[in-house]
Structure formats: structure tokens, C-alpha cells
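To start, the structure itself, in C-alpha cells.
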Amino acid sequence: MIGLHRRPRLELMLLLLPGAGFLAALFGFPLLTALLGSFGLVGDDPALTLKFYARIFTSTVLLRSLATSLYYGVVPVAVTVVLAIVLALALRRHFAGRKLFNGLYKIPLKLPKMVRDPWGIGVIAATTWKQLPFMTLVITGAFAAIPEDIRHAARTLGAGPIRAFLRIELPLALPGITAAVLLTFIGSMGSFAIPDLVGAPNPLPLSVRMVRAFAEGDMSQVFAIGMVLSAFAFAVLIGYYALTSRVGTAKGDSR
Amino acid sequence: MAELQLHSVGKRFGDTVALRPTSLEVEKGEFVTVLGPSGCGKSTLLRILMGITEASSGEIVLNGRRIEALPPDKRDIAMVFQSYALFPHMSVRKNLAFGLEMRKVPKDEQRRRLDHALQICNLAAYVDRMPRQLSGGQQQRVALARAIVMQPSLMLLDEPLSNLDAKLRDSLRHDLVALHRQTGSTSLYVTHDQAEAMAMSDRIVVMNGGEVVEIGTPVSLYRNPRHVFTASFLGQTNLMPVEAGNRQARLPWGDVVPLESNHRGAAVVSLRPENLALTPDAAGHGEITAVSFMGAQANYVVRIADFNLKASRSGGEALLEIGARVAVSVTGPVSLLAETPALGRAA
Ligand SMILES: Nc1ncnc2c1ncn2[C@@H]1O[C@H](COP(=O)(O)OP(=O)(O)OP(=O)(O)O)[C@@H](O)[C@H]1O
Ligand SMILES: [Mg+2]
């Protein structure tokens, strides 16, 4: 009897091994190394220390870098998500949509003027440009998945187009939007190439600092920065969930 | 003045005509069914009324007000969808309250209407459930209640029962009629189920191929259809070629029946199976070729003058056997049919 129960479980483990093993080896193991390394436990002379974290949180330069990272992470995603929703809706009425697309592909032509500006407009524009197609694709799909009748029901029940959108369509598309935000935010917060190429030389985002520290061979510092970056990315995502969990249940809908 | 008036409302998609110019009046409190086969333009008509599809021509007057140019939210029309179209992220209560909130109905009035709708739709036990936690029949009742609370000038129902099993459909059909009597709402009900149309409606609008064929009460359309399509779509019938003249029609096997028409020459009439009396008679012209006993009635196929006639008798009578010879006589009214519907000029 026991054997009968055990066998399938063993098989399940074996079946899961390629996928789970892949994740463990290429994601879990480096993460663990980075975590240990950030506490000084990896390298020639391991000793538990918090000094690499202390360095980040006591250095004005690094703190400003952290803020910059958050700024470069959050703002482009916020801009992109709004643009992507507008685009997705416009694509539903394809005429307006086409005009918008025509405008979009000219953006890179204007970028050089914004390179290395102190507000990071260049970084935001370039990141948005990079994220927009993916976001639009996912969000268009999320809106398209809402049955037409549901939209029409909202309209016949007296909701104008805007209220039908805010109360019915947006909440129903939210899981898709969230997936897109999650994936692009993780990319933009850790992105190195764009801030390095078009970002202001000061302050630098943590991702660029990380690469510089790496070049100097200061691996423990690299790990600590990486951990802080991940922790803040996680915090932002939790904030996002807290915010969006109330969409659609706002205004007297909450129980 | 009629509550709802349509004047030559038509719709074409490019070259396809989905709805020929249609005129129709619905009185206040009336329950009118739009009946027709798939693709005949029923949904197109409803979508135009809702304001989701723009008509290519014509005008619509609801409650004395021209509405064909208004957006759906300004029309005072509530719709019950075939797919229910409940808001999946809202509880039953929120679904019902949504329209009232949008129309800014005062809170206490909201509560009153909600309680009433919950009670008459038998939903009180489910107010806090989410739509996915309800059965199909319950979801349809929520969809209905959501329309009822709006107290609209016009209720539209697009095949609201077609996704339900036969038994549930039957009981909900009765509920619908009872609800309509209670609320007195002017209703336009779309279906392709003729039994449903017959059982529920004050009047039936028969449609085919994008146009109205005939409009009338269930009884008049069934007993005195004016078009071949109506006669064959509503219930069972025998379409017979006849020679007409002198307010009489000569049937293919020689019988002559009275006719309420001055028409002369070749024509088509409709003979309902229950209006054909079969009498066992060794010298009769007819021969029974098939029998099916249904309980309340027995259905026969009678071979007569090269025609296969459908006839029915009460299930209580003695059964006739296959091969038995019978005399066939016509007992009910015989109506002359127009072969093709008068295009765009239907009653
Ligand atoms: N957007 C459209 N573009 C082109 N043709 C359309 C469009 N919508 C409907 N039609 C056509 O118009 C005709 C009527 O369609 P409609 O949906 O009104 O039929 P229906 O009577 O509701 O049928 P069913 O009983 O199957 O729901 C059909 O021939 C359909 O193909
Ligand atoms: Mg339809």
C-alpha cells in the first residue's frame, strides 16, 4: 500500500527534476551565493560581516543611487503602462491606433536631445520605448479577453464609456496588466545598458554602480548591492499589489 | 402612442443586408417576441435598439423620445444577455446595484428596488455570492434581476434561456411570464424557439432572412398564418397546393373546403395535423403509413393522392394501424398562404 503511494511521488519528483533543477541551478544557487557573499561569507577569507550593507546605507552617493534605481525602475513602467493601456484601447478602434503607432516610431529620432539630462528623461523615454511593445501586447490581450457583452451590459446599465472602463474593464484586465508590470519592472529596475548609455553621469543607478564595483573586483559589495536592489524591487511590487487590490472595489464597493 | 416605435430601421454591413428596413410598434406593458431562424437578424435588431450597433437607416422612438442617436447609457433600455454578462468581479448584490449607482438612484430607493428584485427573482439567499459560485439558472436570474431593478422603459432579452437545460428552461419560462406580469415592463424577447414564443408572448414578430414576415398574436399566427414561412415555422403543418375560386379551395384528393379569400387559381394552403380528422373507412382515399404514439396524442402519416399528410388524433382514441385505410376530412380553418413574404411591407 505504502509503496503504491510512494512510487508516483518519486516519479513526480523525477519528472519535476529537469524544470525545478534548472531553476535551482541557474537561479537559486547564484541567489544563495549572492546572499552569502553579501554577508562576506564567500571568497578567500570568509567572515560574517554587515559592512557591505553598512557601506550602502551610510554612503550618500549609494543612497542616491538607490533612489535613482527606484526612479528609473518605477517611472518608465508607470509611463509605459499608461501608454500601453491607451494604445490597447485605441487599437480597438484601429484608426486612432494607427495614428498613435505612427507617432511612436518617431520617438527614437528625438532621443539624442535628451541624452544625459539630469531628470533622466532620456532614460525614461528609452526604457518606455523598449517596454512598450511587450506591455501593449499583453495589455491588449487582457482587454480582448473581456467578453464584449460585459462591456455592453455596463453601458446599458447607465455607465458612460469612462465609468464602464474604470469600474468594469480595468478591474477585469488587471491580472494581465499586473503580469506585464511585474515583468517589465524587474527588467527596468535592474537595467544597466540604458542608464549607462543615456543616463546622467551623476547620480548613477545601483545597477551601474554594481558593474563598476564588479570591475574593481569587489564581489561582496556587488552582492550586497544586488541584494538591496532585489529587496527594494520586491518592496515596490508589494506596494503595487496593495494599491491595485483596491481597484474596482473602490468607492463603496469594499465590504 | 405606442411605447416603442421603429420606423424603417435597417442595417447593412457593406453588401450584406442584416436587417431590411423594419417598422414595428410595441405597446406599453406588452411582451413581444421576435422569432426567427439563426442569422435572420434578431440580434442585429436588438443591438440597434441597445445602441451598440448603429442603424444604417430609420428612426426609433421610445417613450416619446427619439433615441437612435443616443449612446446606450442614455437610452433607458435594459438588456438581458444570452451569455448573462454578469460582472465576474462583483457579488450578486454589487451586480444588481451597479446600474442604480450609475443612474444615481438615492440609497434608500436602491435598497427598496434591490430587495424587491431579490425577492421576486428568488435570489435572496445568494446576494453575497460571486457569479462563478452560481449555477446557470441562478446566473440568468441575476441577469434578469439586474435589468428589473432599472425599471426601464424597455426590456430587451436575447435568447436568455438558450444556455439552460430543457427542464430549467421550462420553469424559468414560467417565471419570466410571471415576472413580466408583476413588473408590467414593456419587453422585446428574442428567440428561435417557437414553443417559447407561443407560450410567452402577447404578440410574435416572425422574421426570416433579415426581414419581418408577419406580426400577430400566437393564436392568430398559428391558426391563420398568411405566409408559408409562418405556417411552417410555427408548429407542424401540411402545405398543400390547391385550386381556389368562389371562396373555396379544392384539395389534391378532390375535397372542397371553404376559404376566406376571393383568390382564384393555384394557391397554397396550410392544414394543421390536428385539423385533419381520420375515420377508418375501407373505401377511404388515405392509407396510414406511419404511427407514433406520444401519450397525449398519436401522430400519423397518411398517404393520400401522392402526398404524405401529417395528422394527429387524441392519445385517448383507439390507435390506427399501419396499412389501415382512412377517410380524411378537414375540420379546422384553412388559410391561404402568400408564397413569398411581401418585402418590407409586412403588417
Ligand atoms: N458585424 C457584422 N458584419 C457583417 N455581417 C454581420 C455582422 N453582424 C451580423 N452580421 C450578419 O447579419 C445577419 C444577421 O445576424 P444576427 O446576429 O442578427 O442573427 P440572429 O438572428 O441573431 O441569429 P442567431 O439566432 O444565430 O443569434 C447574419 O447573416 C450575420 O452574418
Ligand atoms: Mg442572435
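Just so it is clear, the model here is predicted, and its values are computed rather than measured. Each chain gets a letter, A, B and so on, in the order the sequences are listed, and its residues count up from 1.
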Should we count [atom1] of [X] as having more than 12 external heavy atoms under 6.0 Å?
X	atom1	answer
B/Glu109	CD	yes
A/Phe29	CZ	no
A/Ile162	CD1	no

What part of [X] gets closer than 4.5 Å to chain A, counting heavy atoms only: side chain, backbone, both or neither?
X	answer
B/Leu156	neither
B/Lys74	neither
B/Arg146	both

Query raised in the report: Would A/Arg155 and B/Ile52 count as a side-chain contact (heavy atoms from CB on, under 4.5 Å) if you check the C-alpha gap in whole Å, the side-chain angles of each, and the deciding distance to 0.1 Å?
Result: CA-CA 9 Å; A/Arg155 296 298 309 275; B/Ile52 283 158; 6.0 Å; no
Query raised in the report: Do side-chain atoms of B/Arg75 reach the backbone of A/Thr156 as a donor and acceptor pair under 3.5 angstrom?
Result: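 No.
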**Report entry** Interface moiety of A/Ala154 toward chain B, non-hydrogen atoms closer than 4.5 Å
**Finding:**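 Both parts, heavy atoms under 4.5 Å.
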Using side-chain heavy atoms (C-beta onward) and a distance below 4.5 Å, is [X] in contact with [Y]?
X	Y	answer
A/Arg163	B/Met102	yes
A/Leu157	B/Pro72	no
B/Met90	A/Ile168	yes

Query raised in the report: Taking it one step at a time, do A/Arg167 and B/Phe87 satisfy side-chain contact (heavy atoms from CB on, under 4.5 Å)?
Result: CA-CA 10 Å; A/Arg167 295 286 304 273; B/Phe87 305 132; over 6 Å; no
Between [X] and [Y], which heavy-atom pair has the shortest distance, and what is it?
X	Y	result
B/Asp73	A/Gly158	CB-C, 3.5 Å
B/Leu86	A/Ile150	O-CD1, 3.4 Å
B/Ala85	A/Ala153	O-CB, 3.9 Å

